[in-house]
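Structure record follows, encoded as structure tokens.
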Amino acid sequence: MRRRRWFAVGWLASALVVGTGAGFGILAATGTSKNSATASVPGAPSVIPAVTPHPSVTSGVRPDGTHYGSVKDFLLPVPDGYKPGPDEGGLGNDSTIPPDQADPTVSLLFGTLPASDMSSAKGAIAAGRMSDGAVRTYVNEAGTLDVAVTVLRLDPAQSAESTGEFERVVKQSRAFRNGPQVPGHADALCVLPVTHVGDPLDSMTCLATVGDTFAIVRAEGTVPLDTKAVTDLFGRQLDTLKGGLGT
């Protein structure tokens, strides 16, 4: 695949691009102190202290676990030890995903599924009525691990049933074998593809539902694959979806 070819070349050449992540704005207010250097003079006009403007919070998590604002705002910023990664196929490396790209996204992320399983997987996402999504990729400093995180937002009334069916398809597919657990997220599912002796690269896919969002991480790396690094990063992404970047 295109991303796999890039990774193999990038691993050998170690030519990577450096970037940074972004965070949320925080609402705040300023006031004055009793020990202010400006003394109050009887009869003098009152002085109104200047208030520094702050950006409004435009994204967040509601008490029922649903999200408002752009899904891209909930993607994990590039953590220490990583750099922005390569494009995740035609999705890009730090981009939004419109609803009409749901089928191509499933095809890209789960390309090893047999045709019948692929049809069921696409049907499950279609039933969830995806409204928007986003993708961000990361590569470690050594150039030996390439990770892409994709988050799709679904109709809250359909998301649990939709993603549950999707996970059932993946679990029962012969295209995968069981992977490790994600610490702190018992409901997350990780699977690895059937491997071939002598293959210098391995991969792993993990998925989990958080409120009205469906998060998927797809990683490729040199053998032996650093699955702990992948599950740790995915766990941080799931924490962000649960509480936002301010948690």
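All figures in this text were calculated on a predicted structure; none of them were measured in a lab.
- At least one side-chain heavy atom of V170 sits less than 4.5 Å from a side-chain heavy atom of L189.
- Listed for the R177 side chain is a donor-acceptor partner under 3.5 Å among the backbone atoms of P193.
- Between R129 and L154 the shortest side-chain heavy-atom distance does not fall below 4.5 Å.
- Around the CZ atom of R174, the shell of radius 6.0 Å holds no more than 12 heavy atoms that belong to other residues, nucleotides or ligands.
- For the atom pair SG (C190) and CZ (F176), the distance works out to 11.5 Å, reported to the nearest 0.5 Å.
- No more than 12 heavy-atom neighbours from other residues, nucleotides or ligands sit within 6.0 angstrom of CG on N178.
- Inter-residue side-chain proximity for L233 and T231 is flagged as unmet; no heavy-atom pair is nearer than 4.5 Å.
- Residues F214 and I125 are in side-chain contact: their nearest non-hydrogen atoms beyond the backbone lie under 4.5 Å apart.
- With S95 as the partner, the side-chain contact (heavy atoms from CB on, under 4.5 Å) test is satisfied by one option alone out of D87, V135, T137: V135.
- In terms of modelled atom types and a separation under 3.5 Å, the side chain of T213 and the main chain of V210 share a donor-acceptor contact.
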Exercise for the section: Test V149 against Y138 for side-chain contact (heavy atoms from CB on, under 4.5 Å), laying out the working first. Expected result: CA-CA 8 Å; V149 173; Y138 318 79; 3.8 Å; yes
Practice task
Take V71 and T96 through the test side-chain contact (heavy atoms from CB on, under 4.5 Å) and record every step on the way to the result.
Solution key: CA-CA 8 Å; V71 171; T96 57; over 6 Å; no
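- Of the possible polar contacts, one joining the Q237 side chain to the F74 backbone as a donor-acceptor pair under 3.5 Å is found.
- By the rule that hydrophobic residues join a cluster once side-chain heavy atoms approach within less than 4.5 Å of another member, V217 and V169 end up as members of separate clusters.
- The side-chain hydrogen bond (donor to acceptor under 3.5 Å, both in side chains) search around E165 returns R168, not counting sequence neighbours.
- For the atom pair CZ of R153 and OG of S131, the computed distance is 5.0 Å after rounding to the nearest 0.5 Å.
- Annotation for D155: atom CG counts as buried by contact number, over 12 foreign heavy atoms lying within 6.0 Å.
- Between atom CZ of residue R218 and atom CG of residue D146 there is a gap of 8.5 Å, rounded to the nearest 0.5 Å.
- Two residues are said to be in side-chain contact when any heavy atoms from C-beta on lie closer than 4.5 Å; V151 and L241 meet this criterion.
- Within the 4.5 Å cutoff, the side chain of P180 has heavy atoms near those of the M204 side chain.
- Atoms CD1 and CG, on I216 and L152 in that order, are 5.0 Å from each other to the nearest 0.5 Å.
- Of the possible donor and acceptor atoms, none in the side chain of N140 sits under 3.5 Å from a partner among the backbone N and O of Y82.
- Annotation: side chain of L192 is in contact with side chain of D202 (closest heavy-atom distance under 4.5 Å).
- The pair D132-K72 does not meet the salt-bridge criterion, since no charged nitrogen lies less than 4.0 angstrom from a carboxylate oxygen.
- Separating the OG1 atom in T105 from the CZ atom in F110 is a distance of 11.0 Å, to the nearest 0.5 Å.
- At least one donor-acceptor pair closer than 3.5 Å links the side chain of R136 to the backbone N or O of L75.
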Practice task
Please assess T240 against L76 for the test side-chain contact (heavy atoms from CB on, under 4.5 Å), listing each intermediate value before the final yes or no.
Solution key: CA-CA 7 Å; T240 299; L76 186 71; 3.7 Å; yes
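- With E88 contributing its side chain and N93 its backbone, the two residues share no donor-acceptor pair below 3.5 Å.
- Y68 is not listed as a side-chain neighbour of T58, based on a closest heavy-atom distance of 4.5 Å or more.
- Formation of a donor-acceptor pair under 3.5 Å by the R62 side chain with backbone atoms of H67 is found in this model.
- Summarising the geometry, atom CG belonging to L207 is positioned 9.0 Å from atom OG1 belonging to T163; distances are rounded to the nearest 0.5 Å.
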Practice task
Check the pair D117, S173 against side-chain hydrogen bond (donor to acceptor under 3.5 Å, both in side chains), reporting the backbone distance first and the verdict last.
Solution key: CA-CA 7 Å; D117 290 340; S173 175; 3.3 Å; yes
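- At a threshold of 4.0 Å, the pair D232-K228 counts as salt-bridged, since one of the basic side-chain nitrogens sits closer than that to a carboxylate oxygen.
- Under the 3.5 Å distance criterion, the side-chain polar atoms of S107 are matched with a main-chain donor or acceptor of D103.
- Under the 3.5 Å distance criterion, the side-chain polar atoms of S162 are matched with a main-chain donor or acceptor of A124.
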